[in-house]
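Structure, as structure tokens:
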Amino acid sequence: MSDINCNYWTRRDFIKAIGATAGGMTLSSCAITGNTGARGLTEEALAVEPLVKPQQLEKPDITVGYVPVNDCAPFAIAWKKGFFRKYGLNVKLNREASWATSRDGLIFGRLDASPVVSGAVTNARIGAEGARHAPLCAAMTIHRHGNAMTMNKAMWDFGLRPWYEYKQKYGDGALEAFGRDFRNYFSKQPPEGKVWAVVLSSAIYEYFVRYISAAAGVDPLKEFRVIIVPPPQMVTNVRIGAMQAYMVAEPWNTRAITGNEGIGFTFAQGKEVWQGHPDRLLGVMQSFIDNYPKTYRSLVKAMIEACQYCSKPENRQEVAELITDRSFTGAKPKNPGAPVTKFTGPAIFGNYNYGGWDGKNRTVKAADTTIFYDIPDNVPKQPNEHSTFLWSSESIWLMTQAARWGQIKEFPKNAEKLAQTGWRTDLYREITAEMGIESPKDDYKVEPPEVFIDNKGFDPSDPVGYLKSFEIRANAPVRFYMS
């Protein structure tokens with residue numbers, strides 16, 4: 001069946017395909033079944049002399065979740081290199097099927113800690129649509145960047161191209177040109193052919209998909225639907241025609257391009273929408289911090305050291321290879337002659353291939369493709385800033401997007417308090433000070449216009465004014481013109 005014909009399935013075919021995918025192919029893209037989270041201790045870990053004795057901690061035996069995408073790297077490294085053991089922790093790593101189960105595992109007590117999408121903590125605090133009211137907390141980010149938007153071959157054949165090529169060709173008119181192509185493509189599709197998938201409703205990915213569409217003049221509330229699909233199911237669902245585009249963390253974009261699965265191309269990396277944006281946070285419940293403060297400090301320290309390890313250029317080959325293991329992403333190429341890091345490597349090494357079907361090499365080398373700790377010089381940063389530091393202002397930005405797209409009725413009047421109780425910059429400073437790490441002194445920073453795709457800066461001191469400045473948003477005033 002061709003890519004075009006896939007867009008014309010009946011509703012019954014569509015539902016059957018989704019059911020088959022969800023029920024029997026949860027991790028089919030990498031041939032993983034069941035939970036194969038890492039177990040036991042490696043020889044490297046056993047050789048580590050604990051800095052903290054387990055008996056010094058309130059709860060040394062903990063269960064930590066992760067999702068099979070590239071940002072499981074710090075968890076894999078903390079386990080393999082013995083950073084958990086160094087800080088007195090006996091960690092059971094538990095692979096989660098989706099970002100929803102990663103979040104809900106915390107809320108319902110199945111997990112002690114787990115990575116969550118950057119909007120999950122904020123949305124749980126404000127009770128945004130699609131999120132459970134819960135006192136989730138985070139004191140560090142796991143990584144920044146490392147994600148992208150994939151479009152299918154039909155969109156390529158229609159004339160859509162990677163964002164950076166729009167910029168090269170149209171300059172200041174790039175958004176207008178993209179918007180014209182984007183709108184024209186979707187206007188020719190039936191309802192089932194107007195679908196864009198993201199990993200969770202509170203993910204920054206949903207906000208990015210809506211943000212770039214609206215910036216280009218296309219109302220995402222009217223022109224297409226946004227659905228939720230777990231990361232390993234993305235490629236399969238595009239192949240069967242269940243959706244036309246998706247946004248997800250690597251390696252699931254690289255897996256889609258020509259030379260790999262050949263079902264899509266990368267339209268844009270998330271860093272092209274907002275350079276420096278947070279992606280995953282290390283989530284816990286407030287009760288975990290309150291009941292096990294020493295354990296929590298040990299966990300954050302171990303994860304910061306793991307992020308530092310992943311950040312070093314000389315370690316990236318090891319990191320990219322480790323996460324191909326069946327216990328982590330399982331994303332190994334079927335061709336025995338291909339490099340083992342064919343899928344995981346591009347976003348880790350920074351040699352990112354956007355793909356395409358015209359034979360053109362679209363590999364772009366950049367130091368900021370995925371940021372685990374050290375922030376490259378091309379990314380604006382504050383004194384003593386490293387990527388694991390949480391900015392309360394970023395939580396405020398996420399709240400503006402929840403309000404912009406109707407997930408909450410209005411911007412919270414107590415937004416600053418919500419940001420401070422959810423994104424624990426206070427704890428981060430205390431913990432890193434014990435590690436001899438200096439951190440930014442402020443909790444808020446202004447995001448300059450040049451870091452956003454539409455050159456629209458964000459000042460956290462006026463979030464309501466920022467929100468109202470967008471013409472395309474849920475519940476926007478309707479203008480009537482009388483002759």
Side-chain angles (χ1 to χ4, degrees), residues 37 57 59 62-67 69-79 83-84 86-87 89 91-96 99 101-107 110-125 134-146 200 202-204 249 277-311 328 370-373 386-392 394-395 398 419 421-432 434-435 437 439:
L57 304 179
K59 188 179 183 182
I62 60 175
T63 302
V64 177
Y66 66 93
V67 176
V69 292
N70 272 14
D71 50 75
C72 72
F75 297 89
I77 285 295
W79 166 75
F83 294 131
F84 289 138
K86 177 179 178 179
Y87 289 102
L89 296 168
V91 172
K92 174 187 175 184
L93 286 177
N94 208 68
R95 195 189 62 239
E96 301 297 310
W99 289 107
T101 62
S102 186
R103 175 201 62 196
D104 292 348
L106 295 172
I107 294 174
R110 181 173 56 80
L111 301 173
D112 295 300
S114 194
V116 293
V117 298
S118 54
V121 172
T122 299
N123 279 10
R125 290 279 178 173
L136 279 178
C137 292
M140 67 174 287
T141 64
I142 299 301
H143 74 107
R144 295 173 186 269
H145 300 174
L200 196 65
S202 56
I204 202 169
H277 71 270
D279 196 315
R280 311 291 183 221
L281 313 182
L282 179 62
V284 295
M285 293 292 282
Q286 179 68 52
S287 56
F288 187 84
I289 297 175
D290 294 340
N291 296 334
Y292 315 114
K294 293 178 182 178
T295 303
Y296 182 68
R297 275 172 156 72
S298 278
L299 176 62
V300 173
K301 289 176 182 178
M303 289 303 298
I304 287 175
E305 286 203 21
C307 287
Q308 289 174 326
Y309 190 95
C310 292
S311 186
F328 299 110
T370 304
I371 306 174
F372 287 109
Y373 186 80
H386 20 83
S387 72
T388 49
F389 179 77
L390 287 169
W391 291 95
S392 297
E394 294 170 340
S395 180
L398 289 163
T421 53
W423 291 42
R424 298 297 301 273
T425 54
D426 57 332
L427 280 176
Y428 182 91
R429 287 194 186 90
E430 290 177 16
I431 294 168
T432 53
E434 293 173 4
M435 301 173 72
I437 299 172
S439 301

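Screening Val91, Leu93, Asp112 against Thr63 for a side-chain contact (heavy atoms from CB on, under 4.5 Å) leaves a single residue, Asp112. Tested against Tyr428, the residues Trp391, Phe389, Tyr296 include a single ring pair (Phe, Tyr, Trp, His ring centres under 6.0 Å) partner, Phe389.
Taking CD of Glu394 as the reference point, atom CD1 of Ile204 lies at 8.0 Å (rounded to 0.5 Å). One distance of note links OG1 of Thr421 with CD of Gln286; it measures 7.5 Å at 0.5 Å rounding. Between the CD1 atom in Ile371 and the SG atom in Cys307 there is a gap of 12.0 Å [rounded to 0.5 Å]. A distance of 5.0 Å separates CZ in Arg297 from CD1 in Ile431, rounded to the nearest 0.5 Å. One distance of note links NE2 of His277 with CZ of Arg144; it measures 9.0 Å at 0.5 Å rounding. Put simply, CD1 on Ile62 and CG on Leu299 are 4.5 Å apart, with the number rounded to the nearest 0.5 Å.
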- Task: Kindly determine whether Asn70 and His143 satisfy side-chain contact (heavy atoms from CB on, under 4.5 Å), including the steps that lead there.
- Result: CA-CA 10 Å; Asn70 272 14; His143 74 107; over 6 Å; no

- Message: Is there a side-chain contact (heavy atoms from CB on, under 4.5 Å) between Ile437 and Gln308? Walk through the geometry before answering.
- Response: CA-CA 12 Å; Ile437 299 172; Gln308 289 174 326; 3.7 Å; yes

- Task: Please assess Ser387 against Met140 for the test side-chain contact (heavy atoms from CB on, under 4.5 Å), listing each intermediate value before the final yes or no.
- Result: CA-CA 9 Å; Ser387 72; Met140 67 174 287; over 6 Å; no

- Show your reasoning for whether side-chain contact (heavy atoms from CB on, under 4.5 Å) applies to Thr122 and Trp423. CA-CA 8 Å; Thr122 299; Trp423 291 42; 3.2 Å; yes

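Looking only at side-chain heavy atoms (C-beta outward), Pro115 and Ser102 come within less than 4.5 Å of each other. For the pair His386 and Ser439, the minimum side-chain heavy-atom distance is below 4.5 Å. Between Thr388 and Thr432, every side-chain heavy-atom pair lies at or beyond the 4.5 Å cut-off. A heavy-atom distance below 4.5 Å is found between the side chains of Phe84 and Met303. Taking the side chain as every heavy atom from C-beta outward, Leu89 and Phe83 never approach each other to under 4.5 Å. Annotation: side chain of Val300 is not in contact with side chain of Tyr87 (no heavy-atom distance under 4.5 Å). Using a 4.5 Å cut-off on side-chain heavy atoms (C-beta onward), Arg125 and Cys137 make contact. Glu305 is listed as a side-chain neighbour of Met435, based on a closest heavy-atom distance under 4.5 Å.
Using a 4.0 Å cut-off between a side-chain N of Lys or Arg and a carboxylate O of Asp or Glu, Arg424 and Glu430 do not qualify as a salt bridge.
The number of heavy-atom neighbours closer than 6.0 Å to NZ of Lys294, taken from other residues, nucleotides and ligands shown, is 12 or below.
Between Asp290 and Pro293 the shortest heavy-atom distance is O-CD, 3.6 Å. Summarising the geometry of Ile77 relative to Cys310, their closest heavy-atom pair is CG1-SG, 3.8 Å, with the distance given to 0.1 Å. Closest approach of Val284 and Leu106 over heavy atoms only: N-CD1, 4.1 Å. Here the closest heavy-atom approach between residue Ile142 and residue Asp71 is recorded as CG2-O, 3.6 Å. Across Leu136 and Arg103, no two heavy atoms sit closer than the pair CD1-CG, 4.1 Å. Taking both residues in full, the closest heavy atoms of Ser298 and Leu57 are given as OG-CD2, 3.6 Å, listed atom of the first, atom of the second, then distance.
Between Phe328 and Tyr66, the gap from one ring centroid to the other is short of 6.0 Å.
Figure legend: Arg280 and Trp99 shown as a cation-pi pair, the cationic atom lying under 6.0 angstrom from the six-membered ring centre and within 45 degrees of its axis.
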